[in-house]
Every structure is written in C-alpha cells, then in structure tokens.
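First comes the structure, then the notes that go with it.
A, B, ... follow the sequence lines: proteins, then strands. Residue 1 opens every chain.
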Amino acid sequence: MSGEYVMICVAWPYANGPLHLGHVAGCYLPPDIQARFERALGNRVLMVSGSDEHGTPITVTAEQNGIKPQEVVDEFHAINSQALLDLGCSWEPNVDSRGIEYGGSLFNRTSDPRHKSMVQDNFLKLLDAGLFETKTMEQYFEIHEGGGGRFLPDRYVEGTCPSCSEDGARGDQCDACGATYEATELKNPVSKMNPSAPIEIRNTDHLFYRLDAFQTVLEQHAESQQGHWKSNVRAMTKQWLDMGLRPRAVTRDLSWGIPLPMEGNEWDGKCVYVWFEAVQGYSTCARIWADEYAGPNGHSNGADAWKNWWCISEDGTKPRHLYFLGKDNIPFHTVIWPALIMGLNHAENGKTIDDPVELPGPGDYSLETNVPAMEYLMLSGGQFSKSRKHAVWLPSFLERFDPDTLRYYLGINMPENHDTDFNWPDFVEKINSELIAAYGNFVHRVLTLGARLPSSNTGPFADFDERERTKDTQKKLETLHTSITESLSRHRYKEALRFAMNAAQVGNQLLQAATPWKYLSEADDGSNPHYGAERIGALTDLSFGWRIARFLAITMQPFLPFSSAKLWSSLGQSGDVSHIPWNSAVDWDVPMTWNDAKPEPLFKRLDLEEILASEQSLADTSDVSEQPGHPVKGGKKKKKKPKEDTEMTEAPEGTTYLNFETFMEVDLRVGEILSVEEHPNADRLFVVSIDDGSEDGRTICAGLKEYYSADEMVGKSVVFVANLKPRALRGVSSEGMMLAADDGEGNVRLVTVDGSISTGSQVR
RNA sequence: AACGAGGUGGGGUAGUCUGGAUAUCCCGUCGGGCUCAUAACCCGGAGAUCGAUGGUUCAAAUCCAUCUCUCGUUACCA
C-alpha cells in the first residue's frame, strides 16, 4: 500500500466568521489526523481546502459593517487559516517535506482568480454537453434610483400574507398562519434590506443542472459504497436518491460570486450558485497546488501532477479520495459532487446529455472513496451558534490553551457516530486524568528515572537494552500498533486514540511491576544475595520504558503533533517525528538515545475553577442553563451563574427617557383569566380567555407553559396590554399580551392585582 | 406539529446494518498496594432487567410492531 495516492478533501469553511470548536471537531481535526497517519505510512498525500468566500450572507455582513465583501473574506480567511495552523493542522508546508513527489497541501480560497476561471471552464463544458437546461422564473426585483437594482432572494422579501392578510409575512411563508405559497403571491412586497425601494416581479432565466440524468449511475455508486460508508452517510444519501433527483439551479441573481461565462445581456448580474462552485474547489485547489508548487519544485509530472491524485490511471488504479465534512453536508458530497464529477467526465469524453452516463473509468476523474462525515459537537448541551454567541472560538481558545489538549479532547470525544458535547468540566477532567495522568505521567516517569541513572555516552538506558526479558510487553505493543493502524484506516479516531493511550497504560504497568526506583535510592546493603540480578532486571524494564515512550511519540503524532515532537527530542531522537515511518514504532532494534536536558512534563495540569472564572468570554454556558426542557446527556455539568449580557450591563448608560405621552399610549388593563386551553398547533403556547370587562372578552396566546399549569392560571387577575395589534399565532388570533416578570434565570411570574377591582380597569 | 437522529452501570462510550455463550473500554466510586512520577501509578470490588411493552427465533442490546422520552432542524416562544 505504500506510495498510494491519497487525496484528502476538507470542507471549505465559510469566510463569514471565525471557526469554532464545533467546526474543528467536525471537519478540521479528523482530516489532519488522517493526513498525518497516511504520510507516516509512506503514502502520497495531497490535502486541499480553503475559504468559501462567496454568497449573499457575506454581502450582508459587508453591508452591515459598511465595508466591501472582499474585506470581509480577507479578514476571516486570514484569521481562520492562521487558527488552523496554530492548531497544528498541516496546511504548511505546501510541499510535503519528504519531497514534491509525495504531495503537499493547500488551503486556498474561492476568490482566487484561478479558481474562478477553472469553474467557468467547467461550466462551459457542462453547458456544451447539454447538461444544463434553462428555466424562466419569476423573482422580486428591487429597483434603485437611476434605473439599476437587484433581484432579491425569497428570504429578503416580506409583505402581506395572501392567505390571512397579516403583515410581516416572509417571502414564501407566513409566520402568522403558517401558510406557504409562491413568493410572487405575496401582497405589498417590500425589500427587507431596503424597504423604501420600489419592488416588482421580473422574469429571470436560470440554468439548472440535469441531476436527474445521474440518478441511475448514482444509485449504482451508492450501492457499491454500502460496505464502508458510515450509517449516517448511507441514510442521508438514500433519502436523496429515493426522493428522485431533479434538475438543480446552478445560477443565481447574485452580486458576489463568480459571473457566468456567457455572452448576452440576459446573463448580466448572474453568478454561479455557491454550491456548484465551492465543491469544485476540491479539484481546482489540487490544480492550483500543482501549478504553484509541483511544477516549480520539479515534480515529475510538472503542473499535471494533480492528475496523480485526481484521475484513474490507465490500469484502473484509483487514487483514494477522502472527504471530511459535517453531517449537514453529506448529500452535497455523495450525490451532487459525484454528479458533477461524472458530468465533467462525460463532457470531456465528448458525450452529451443524449448519451447514457457511466461510472468513471481509466483517465476519468475519480469519485470519492469514503466520506467519513461527522455528527455535531455541542457546547454544554446546546448547539454552537454564531448569532446567539454560544460558541468557543478557535482563535481565542488557542490563545489560552495548548493545542494538543484540544486535539486530545476532541479526538477522544469525536462526534463520529452521534453528537457529543464540549464542556469545561469534562475537558479539564479528560486532560488531567487521562492525557496527563496516563500518558504525560508515564513519559515523565521514564525520563526522570532515567535522568537519575548514571549516564554513559549512550545515555542511561543503552546498557540495559535486553530484549528477551520484555518479550511479552513487546507483543502487547505490537498488538496495539495493529489495532491503532486498523482503527485509523477505518476512520475510527476515538478508538485509535484509546488504543494509543493503552500503550501508556502498558508502560505504567511495566514500571509498577519492575519498581526500578528501589535500585536508585537504596544501595546494596548485602542483605539480598540477588540484589545485583534484580537491579539489572528492573533497569532493563525501565529502559524498555524508553521504547514505549518512543512508540507513543510515533503513534500519538497524528493526534498530538506538538507533544510528540517534544517527547521525540526528550528521548534524544533526531529529526522530525512526523517523518518517522509508522512501523518504526515497533522496531525494537532502534539504538537508544538520550537527551541530557532536564526532563520537563509534556503538559500542564488544568484548573477548572480558574478556567470557569476566566472563560466566560469563551463560552457563556448560561445561555443553555436558561433553557429548561433542553437537557442533554453529558451537558448538565454544573454551570457558573449566568453573567449579565454585555449589552445589558451597558444599558443603564444608554437609557433614554420616555415621554409621558408615549408611555400612556400603552393601554394596560386588568382582566381575569376565565379559562386556559392548550394551543392546538403549538407546543409552547396556551390559549387564554380573559374577561376584560367587555361582553365578548378576549383571547390571548401566552408562552407560559413552562412556568404555569392551566389550573394555576385560571381565576388570576392579571394585567394585560389592551391595545396591542392583534396577531395570529399558529392559527389562533392573540389580542394582547399579559405582563409577567422574568428574572432572566428561568423564573417567570405573572403580574397580578392587589385586592379586587373590576375587570377592564385601566392600569397606570 | 412535520421531518431527521438517538435512549446501553453515576457520567461518557463500543457492540446494533451482518442475532449467539460471563455486554466493551475510559472516567468516577469503594477497598488494597506503591511512593519514581504533574493529588500522579498499579491491583481488586461494587454497580446495567441494554428506554417500555409485545412479537419473530433454539437464541434478541442486535430483527419486526406499538408506545414513551430526549436531541436537532423548521414552526413557535405577545
């Protein structure tokens, strides 16, 4: 298997914000572990990814901040690529340190002009092969002064619902009554971003990729992958294929993206749809890498070097393609991207839409070998969320912590089969009682014990290098080595790391049984006639500890590159541990070396209290504790008291006084709760009937289910807002709002009236 | 509510697709040992009717049905 071409494709992070730990666990750490492992095996690895820099959300961020989209993506591309390097992800050097023939890596970006022109070329190839069809759609158009304007995506349009006549309905769905409709049915539509601009429906032509033409061949492909795809990948792909594939739009009315390479006014202002463009980054990035690095560095195939990693060879050998991504991205990589790859093969083989599509053959671009997609990493039981500021950001994490601690924690807790949880108590415990107590401590024992032995030129251990005595331990390590290798080959990272940790345990057991320390502190007092032999035995075991430590340095390297390098040098080994062949870990004939420098612990213990006190800014766990009814396994460790929101603390300074008249516009009245019903169509709502002094009474929908039972509420005299504009909530009209106190920590109590007073009385 | 994913000792987790004998491993806990090592290490124990019920089978954590709870997305939270 040595020398195999392995293409590692990493999902392209969206350059609209910094990466957080969820991203790292889901798609950035696993491919790096894999790449490091494959290199150690001697394979030729090309790893590609980069910033996904186009699309409307980036335009919106730019507009909000009054800057250009390019400035937004420049900023986050810089931040994210640096953060990944700081995490030890091997995006540099770009040329494999074993030599250019072994590949390299490139973290590129979709705003690269070379990417743009390659995407446009591919676009034209598919177009010429008849793999696109044109459809005319009706879409809203925002007219600007001076004649220009722009098309608006549905979610940037709002207006009056055609079904219930409520205002504030969204482009294709009404929040009030739940109706869905064509955006063009919306009444009084306005642009959300620019409400004053006139808006009209215009026809717009778009191109659609004929995904349907690939249905059969994709089913074949999926069938052939059943054996090694993970269950989440199988399920997700099956769902798509079972629904039946339909043509999918590849163009958009979009200002920030790759323009269509087509003549004619009707195509002005249109861009390639992001999904179509960004996935092609996997191949364009390989070609750009070859242009920029393989050619100039003398690769035997020059600028065509990328074909080694992308094309099936004449004898039918396929390069191994591994795609690393989160679960939300699965269909793009098992359905859409393969369909595009096969479409390009089809077009380049001179075929058209009229010819049947076939699976790739010699000379064609290869399809994915495996898609080890991850589930999600949660944060203290809740999902990472940029908008709710519920996240631990990678850059700020790395400012405070050793990257290897994160790599260990996420490695041992990787969301391989289901969602897992990040929380500080668990993080601290795993680092202190596993990484440090087992691995760090074992290594430190060996090194400090060694440092106390008399050292010759060859170090303290070489004289006690007697292989026969440690045969059993060697066997155990060899078994572990096989297990680690197998697990990594099957993308079972948690398991692999666990096996590696077992090696440290074996080491600790060996030391415990050998008790070499006895022969350091106690001199031979003559009472034990076997003292000499026992001493040699114990020190022989101890010296084998050096070999175990070396085994650990090599096998931990894919997971924990920084500490492995440190350990490597502490052992007196020369060179870079990441260049050491994988199997050298169980080569018991390597001459023992030594480093005379005082041994230093590999990791520093973490203190939970200290972290919790200072990490509020990194993870505001209070967000979650405020959401009763959302407990999650493993997510309910004790949390710090919720901190005041920054915005809240600043509020007093920014207080503006309210005019009395303005206050009096709010008509507050007393009402008595007559009955409380379950809302027929909403989980969290009560439908409350109130005697407001009028004959008919009124109905109010209230989200109090979490705080009150229906019985508790009936009969209470409450204060409500009487002149709030009525609004339908999930189909039931709500005529006002009851006042309730909310302490922000999950307690909500209704405002009631002291003593009795007639319903309908005004409150002021 | 719709769709998707799950429920395995105190916490986490493997095994489930492809049924098989005492249900894996890590942490915690209890008892003992060690004292070189970062409150670290080693040995041993306790602790699970594998969410519930029913079914298929010689045999069910595993397959089927129903139920239940949870998580996610969307809805909603006046």
Does the protein touch nucleotides 23-28 of chain B at the base, only the backbone, or not at all? Give it as B, S and - per nucleotide, heavy atoms under 4.0 Å.
--SSSS
Ignoring the backbone of A:M378, work out which of B:rG72, B:rU38, B:rA14 is nearest its side chain.
B:rG72
For B:rC43, does OP1 or OP2 lie under 4.0 Å from any side-chain N or O of A:Q509?
yes
Is the gap between the ring centers of A:Y531 and A:Y519 under 6.0 Å?
yes
Between the protein and nucleotides 30-34 of chain B, are there any N/O to N/O pairs under 3.5 Å, and if so, what are the atom names and distances?
| residue | atom | partner | partner atom | Å |
| --- | --- | --- | --- | --- |
| B:rG33 | N2 | A:Q512 | NE2 | 3.1 |

Taking the side chain as every heavy atom from C-beta outward, state whether A:M713 and A:M738 have any atom pair closer than 4.5 Å.
yes
For the pair A:E416 and A:K494, evaluate salt bridge (Lys or Arg N to Asp or Glu O under 4.0 Å) and give the outcome as yes or no after the intermediate values.
CA-CA 8 Å; A:E416 283 169 9; A:K494 265 197 288 212; 5.0 Å; no
Of A:Y408, A:F603, A:W424, the residue whose pairing with A:F401 passes ring-ring contact (aromatic ring centres under 6.0 Å, His included)
A:W424
If you check the A:R445 side chain, which of B:rC36, B:rU13, B:rG72 turns out closest?
B:rC36
If you measure only the distance, is there a donor-acceptor pair under 3.5 Å linking the side chains of A:S563 and A:D404?
yes
When pairs are called at under 3.5 Å and a stem needs at least three consecutive Watson-Crick or G-U pairs, the stems of RNA chain B are B:1-7 with B:68-74, B:10-12 with B:25-27, B:29-33 with B:41-45, B:51-55 with B:63-67
Determine the contact category for A:L602: base if any of its heavy atoms lies under 4.0 Å from a base atom, sugar-phosphate if only primed atoms, P, OP1 or OP2 are that close, otherwise nothing.
base
Please measure how far the C1' atom in B:rG44 lies from the corresponding atom in B:rU18, and state the result in whole Å.
37 Å
Which part of the nucleic acid, if any, lies within contact of A:N432, taking any heavy atom under 4.0 Å across all strands shown: a base, the sugar-phosphate backbone alone, or nothing?
nothing
By the 4.0 Å heavy-atom rule, please label A:F442 as base, sugar-phosphate, or nothing.
nothing
Do A:Y439 and A:E434 pair up side chain to side chain, a donor and an acceptor below 3.5 Å, judged on atom types alone?
no
Among B:rC36, B:rC41, B:rA14, which nucleotide has an atom closest to any side-chain atom of A:H418?
B:rA14
Identify which nucleotide among B:rA14, B:rC42, B:rC36 has an atom closest to any side-chain atom of A:N508, counting heavy atoms from C-beta outward.
B:rC42
Anything under 30° is parallel, anything over 60° is perpendicular, the rest tilted; go ahead and classify A:Y409 against A:F422.
perpendicular
